[in-house]
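The structure under discussion appears below in the form of structure tokens.
Counting convention: from 1, in listed order, for ligands and their atoms alike.
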Amino acid sequence: MLPHLVFRNVHLCTMVDGIATLSHGAVVCLGEEIVWVGAENDLPAFDHAEEIDCGGRLLTPGLIDCHTHLVYDGNRAAEFEMRLAGATYGEIASAGGGILSSVAATEAEIALQENAEAELACAICETGEDAARMRADTPNHRAEEKRFRRLIDQGITTVEVKSGYGVRAETEAFLLNRAKAMTQQLPLDVYRTYLAAHVMPQDAGMSRAEWVQHLVDDDVDRVCAAAGFDAIDMFCEGIAFQPDELIPLLQKAQDLGVDIRIHADQLSDLGGAQLAADWHAASADHLEYTSDAGAQAMAAAGTVAVILPGAYYFIREQQKPPVDAFRRYGVPMAVATDHNPGTSPLNSLLLATNMAATLFGLTVEECLLGVTINAARALRRDERIGTIEIGKRADLAIWDVGTPAELVYNIGGNPLWLRVWRGRID
Ligand code: NIG
Ligand code: FE
């Protein structure tokens, strides 16, 4: 019989009512679910209970990082130095660096992996070793696993992971399968996004519209069959794809019934937010150049605004997202790391909240809604995760801090005391 896990003596921040807290609270989990929440004085007696005295620490929902590019190989430290010397992100990208340099590093590593795995597979046939050991043990693989482990160490219980550093269906499927393998090995939920229209090879020999058509006619179905995914994403930008070029991909995502997410209005206003709203996207992300009308359209469509201060900071952008317009029209705001090798090598979701507050003026409450329930909304999983409520998943984070504001206030460090994922204590 499963024990009831009783977390008592907590400073409870359920995120149901913003960052309102209740001292001397308790949360009870059974299996993967929360079965009781309230004041410790009202706690009923549970059969077969295991008690955890949390010493008055702050208990919140497990955090959700709803926008990352965690699966890639190599890094772009050299481009960082070029930008420090004066080159812009756009200039580096137009000269064949940027996303394409990560594509090259990733494709090269995957070729190595494929060879190593083929060899390992033969060895496994002979020795009967576990299939989980079929990943080659390379520095890149270890770096990637560390990126996932870091999330766990920082109280994150669900992460969105995008592909996008491949230009072949095989590579993209490989990356999405790598993300899936992490969920099989590590205590963490991974929502997987196929970032289909991210970049096209310089020698593609076709227009951008033709490239998108090629994705729609060929790659999307192959990636779907070989890996599967929860959403399709696309980069709507002057240095990437124009709104009208993306229509066939949006239609394809809609036909497949997967969520739509759009990297929108990051470097210029091409109407990406409006496009996201027109297609009822789950989220539009970045949004530094989004117009008032774009924000209004997102509100009407229920599209979540994912705010990514790490990229803004790292590429030294000057234009801030229209936070006031999002507030005025009631657009839910999420906050994420956008961890990626090019524009946001940011390894801390709490630091992203600090940046969202300091750089964009989000309140502490907006920041914490942004990494809990609004992040869950961006992933359309808000019925299961994002708040502490009876019937929701037992994903909790318990922090060595006195108030919710301290989570946002600190720069660096790790205040996590205990993490619970699907009712399992780490
Ligand atoms: O979210 N904007 C597009 N994609 C990534 C960065 C890509 C890269 O430079 O590697 C982003 O910023
Ligand atoms: Fe991104």
Practice item. Decide whether an N or O pair under 3.5 Å exists between S102 and ligand 1. Key: no
Point to revise | Over 12 non-hydrogen atoms of neighbours within 6.0 angstrom of CD in Q254 | key: yes
Exercise for review: Quick one: look up the protein heavy atom nearest atom 2 (N) of ligand 1 and list residue, atom name and how far away it is.
Suggested key: Q266 OE1, 3.0 Å
Exercise for review: Would you indicate which of F235, Y72, Y165 comes nearest to atom 10 (O) of ligand 1 when only heavy atoms are counted?
Suggested key: Y165
Check your understanding: Between A93 and I239, which heavy-atom pair has the shortest distance, and what is it?
Key -> CB-CD1, 4.2 Å
**Study point:** Test: R178 cationic atom under 6.0 Å from Y72 six-membered ring centre, within 45° of axis
**Key:** no
Exercise for review: Angle at the Fe ion (ligand 2): provide the value between NE2 of H263 and NE2 of H69, rounding to 10 degrees.
Suggested key: 100°
Practice item. Note the single closest protein heavy atom to atom 12 (O) of ligand 1, along with its residue, its atom name and the distance in Å. Key: T343 OG1, 2.6 Å
Practice item. Assess whether atom OH of Y313 is packed by more than 12 heavy atoms of other residues, nucleotides or ligands within 6.0 Å. Key: no
Check your understanding: How about H67 and H286: are their ring centroids closer than 6.0 Å?
Key -> yes
Practice item. Tell me which part of E237 gets within contact of ligand 1: side chain, backbone, both or neither, using heavy atoms under 4.0 Å. Key: neither
Point to revise | N/O/S from H286 sitting under 2.8 Å away from the Fe ion (ligand 2) | key: no
**Study point:** Atom indices of ligand 1, in the order listed, that fall short of 4.0 Å to a heavy atom of H69
**Key:** 1 (O), 4 (N), 5 (C), 11 (C)
**Study point:** Any side-chain donor near an acceptor of the partner, E389 and T387, under 3.5 Å
**Key:** yes
Check your understanding: Do any of the N/O/S atoms of D233, backbone or side chain, fall under 2.8 Å from the Fe ion (ligand 2)?
Key -> no
Practice item. Report the nearest protein non-hydrogen atom to atom 9 (O) of ligand 1: residue, atom name, distance rounded to 0.1 Å. Key: Y89 OH, 2.4 Å
**Study point:** Where the Fe ion (ligand 2) is the vertex, angle from D338 OD1 to H67 NE2 to 10°
**Key:** 80°
Practice item. Identify, by atom number and element, the atoms of ligand 1 in contact range of I99, meaning under 4.0 Å from any of its heavy atoms. Key: 7 (C), 8 (C), 9 (O), 10 (O)
Check your understanding: By number and element, which atoms of ligand 1 are closer than 4.0 Å to a non-hydrogen atom of H286?
Key -> 1 (O), 11 (C), 12 (O)
Practice item. If the plane angle is over 60° it's perpendicular, under 30° parallel, otherwise tilted; pick one for Y165 and H69. Key: tilted
Check your understanding: How far does CG of L176 sit from OH of Y194, to the nearest 0.5 angstrom?
Key -> 8.5 Å
**Study point:** Any donor-acceptor N or O pair under 3.5 Å, side chains D265, T290
**Key:** yes
**Study point:** ligand 1 atoms in contact with G342 (distance to a heavy atom under 4.0 Å)
**Key:** 9 (O), 10 (O)
**Study point:** Aromatic centroids of F314 and F80 separated by under 6.0 Å
**Key:** yes
Exercise for review: Run the numbers for me: atoms of ligand 1, each under 4.0 Å from some heavy atom of R76, listed by number.
Suggested key: 8 (C), 9 (O), 10 (O)
Practice item. Tell me which protein heavy atom sits closest to atom 4 (N) of ligand 1, plus the residue, atom name and distance to 0.1 Å. Key: H198 NE2, 2.9 Å
